[in-house]
Amino acid sequence: MCLGIPGKVIEVRRERDLLMGKVDFGGVARKVCLEHVPDAVPGDYVIVHVGFALSKLDEQEARRIFALLEEMGQVEGGAGQ
Amino acid sequence: MKYLDEYREADSVRRLADRVAQTATRSWTLMEVCGGQTHSIVRYGVDRLLPPRIELVHGPGCPVCVTPLETIDRAHAIASQPGVLFCSFGDMLRVPGSRGDLLQLKSSGCDVRIVYSPLDALQLAEAHPDRRVVFFAVGFETTAPANAMSVYVARKRRIANFSVLVSHVRVPPALEAIFQSPDNRVQGLLGPGHVCTVMGTSEYEPLARKYGVPIVISGFEPLDLLEGIWKTVSQLEEGRAQVENQYGRAVRPEGNPASLRLLEEVFETVDRKWRGIGTIPASGFGLREEYHAFDAERIFGVADLQTQESTVCVSGEILRGLKKPPQCPAFGKECSPETPLGATMVSTEGACAAYHAAGRHLPESPESRSAS
Ligand code: SF4
């Protein structure tokens with residue numbers, strides 16, 4: 001139930017007193033409340049839980065682990081494996 | 001799918017697992033907090049990629065599992081009343097209470113519906129002004145902002161036929177209960193990624209300091225979990241006990257300020273009973289007085305019902321990291337997802353259900369041994 005899934009914002013609009021939008025989850029679009037990610041714009045990725053966006057995903061942070069893996073690969077390579 | 005597939009790539013997963021094996025020189029017992037993490041670990045066989053020196057035990061972080069049986073029975077009593085439209089998340093409606101699960105009430109003419117979001121429940125209340133719409137609001141801090149928003153908007157829009165049955169739980173007090181227990185085995189912790197997306201990481205600092213347990217806030221994909229394990233083991237090997245954030249792409253140290261403001265507005269901290277564990281002080285959220293008009297427990301006056309839990313079930317020990325599902329004599333026999341006897345079998349994120357889904361009640365399960 002604590003499942004939060006990443007999706008891509010494809011539409012932002014105001015619905016009465018709430019900031020809402022459409023988020024695409026690998027081809028399936030759903031209505032999502034964007035009240036707590038007020039600066040999200042189409043193209044941004046957000047973590048969504050029970051129809052509610054909790055945070056915007058940080059692209060630079062997302063790449064960090066791959067840089068680490070690459071570094072590890074080089075160290076292994078350098079050690080003559 | 002971006003932000004998912006690249007974190008499941010088998011070769012990278014194996015490389016990180018090797019790194020963990022190189023780092024660990026002694027035996028360490030780590031706990032992952034979230035049911036979502038447990039599910040992912042068992043599904044991708046992350047635990048089986050680790051050296052035997054590293055043991056993973058599974059934490060209390062499945063909100064469906066820890067919702068007390070009497071709360072389910074209370075929900076049952078409310079949903080059975082005439083004119084009520086009762087709704088919640090699907091997994092909550094399938095939890096067996098003393099008299100069957102909530103969805104079964106539909107066959108006796110009650111209106112019970114699965115909703116995807118608490119805001120959908122609010123919409124049902126606006127669409128059916130003649131009905132009393134009750135939303136069963138369970139969950140950890142991850143779910144709290146969405147649930148709080150439904151109540152906040154209901155008050156603002158004066159939607160008088162909407163109420164919530166609140167059984168919210170908070171992670172840090174449960175961890176404190178585990179760490180301070182004399183039989184605690186947990187030496188390092190993978191912290192709850194999505195909970196911290198909302199709450200930030202500061203609540204975990206005093207826990208790490210006081211109990212000398214390194215806490216690495218971790219994501220939910222195999223690479224996230226392995227990096228979290230590696231960082232935790234590194235701290236243990238170096239004799240450090242700090243809070244680190246592995247899941248920086250979603251978690252900011254300060255959390256989500258808008259969510260925190262809303263939680264402060266709608267909820268206050270209350271004592272809460274956890275299924276399988278008992279009452280933990282200050283471990284829940286309850287509605288503030290200004291929102292009592294939306295509190296289903298008050299509106300429907302459901303009396304505290306007495307319930308009887310199974311005596312063979314060891315889910316309380318599983319939730320505290322003292323035992324694992326195969327150590328329960330009923331696992332995969334009398335107890336299965338179809339006939340759950342206890343807390344950790346009722347939801348797909350419970351440790352017993354996760355082991356069962358991966359076929360670990362069967363003698364050999366080769367498919368769950370591969371990383372992808
Ligand atoms: S297998 Fe069933 S009875 Fe055994 S601990 Fe898990 S939930 Fe309880």
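Proteins come first, then strands; the chains are lettered A, B, ... in the order of their sequence lines, and each starts at number 1.
- The minimum heavy-atom distance linking K31(A) with Y116(B) is given by the pair O-CE2, 4.2 Å.
- Here the shortest heavy-atom pairing between Y7(B) and A62(A) reads OH-O, 2.7 Å.
- Other residues, nucleotides and ligands place more than 12 heavy atoms under 6.0 Å from the CZ atom of R14(A).
- Expressed to the nearest 0.5 Å, how far CG of D224(B) lies from CD1 of I65(A) amounts to 6.0 Å.
- No part of I5(A) comes within reach of chain B, as not one of its non-hydrogen atoms sits under 4.5 angstrom from that chain.
- For chain A, the option among H39(B), E227(B), E141(B) with the highest count of heavy-atom pairs below 4.5 Å is E227(B).
- Of the listed residues (K8(A), R16(A), E35(A)), the one with the most heavy-atom contacts under 4.5 Å to chain B is R16(A).
- At a 4.5 Å heavy-atom cutoff, the contact between E6(B) and chain A is made by backbone and side-chain atoms alike.
- Looking at R157(B), the atoms closer than 4.5 Å to chain A (heavy atoms on both sides) all sit in the side chain, from C-beta outward.
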Next on the checklist: Assess the residue pair V251(B) and E61(A) against the criterion (side chain to side chain contact (heavy atoms under 4.5 Å, CB included)); give the C-alpha distance rounded to whole Å, side-chain angles, the decisive distance to 0.1 Å, and a yes or no.
Outcome noted: CA-CA 10 Å; V251(B) 174; E61(A) 273 289 329; over 6 Å; no

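- Contact annotation for L16(B): both backbone and side-chain heavy atoms come within less than 4.5 Å of a heavy atom of chain A.
- Listed by chain and residue number, E203(B) satisfy the salt bridge (Lys or Arg N to Asp or Glu O under 4.0 Å) test with R170(B) (two or more places apart in sequence, or in another chain).
- Across all their heavy atoms, L69(A) and R15(B) have their closest contact at O-NH2, 2.6 Å.
- Counting only heavy atoms from C-beta outward, the side chains of E349(B) and L3(A) approach each other to under 4.5 Å.
- For V115(B), no part lies under 4.5 angstrom from a heavy atom of chain A.
- With values rounded to the nearest 0.5 angstrom, L18(A) atom CG is found 8.5 Å from L122(B) atom CG.
- At least one side-chain heavy atom of L4(B) sits under 4.5 Å from a side-chain heavy atom of P6(A).
- Listed by chain and residue number, E309(B) satisfy the salt bridge (Lys or Arg N to Asp or Glu O under 4.0 Å) test with R275(B) (two or more places apart in sequence, or in another chain).
- Interatomic distance, CE of M72(A) versus CH2 of W230(B), reported as 7.5 Å (0.5 Å rounding).
- At least one donor-acceptor pair closer than 3.5 Å links the side chain of R64(A) to the backbone N or O of Q246(B).
- Salt bridge annotation for E59(A)-K2(B): present, with a cationic side-chain nitrogen under 4.0 angstrom from a carboxylate oxygen.
- The number of heavy-atom neighbours closer than 6.0 Å to OH of Y152(B), taken from other residues, nucleotides and ligands shown, is 12 or below.
- The most heavy-atom pairs under 4.5 Å with chain B, out of R63(A), H36(A), Q60(A), come from H36(A).
- Note on A146(B), C62(B), S117(B), A250(B): by heavy-atom pairs under 4.5 Å with chain A, the leading option is A146(B).
- The local environment of NZ in K56(A) is crowded, with over 12 non-hydrogen atoms from other residues, nucleotides or ligands closer than 6.0 Å.
- Rounding to the nearest 0.5 Å places CZ of F52(A) at 9.5 Å from CG of N147(B).
- Residue contact with chain B, scored on non-hydrogen atoms closer than 4.5 Å, involves the backbone and the side chain of L54(A) alike.
- Side chains of L223(B) and F66(A) form a contact here, defined as non-hydrogen atoms less than 4.5 Å apart.
- In this structure, the separation between CD on E15(A) and CG on L119(B) is 10.0 Å, given to the nearest 0.5 Å.
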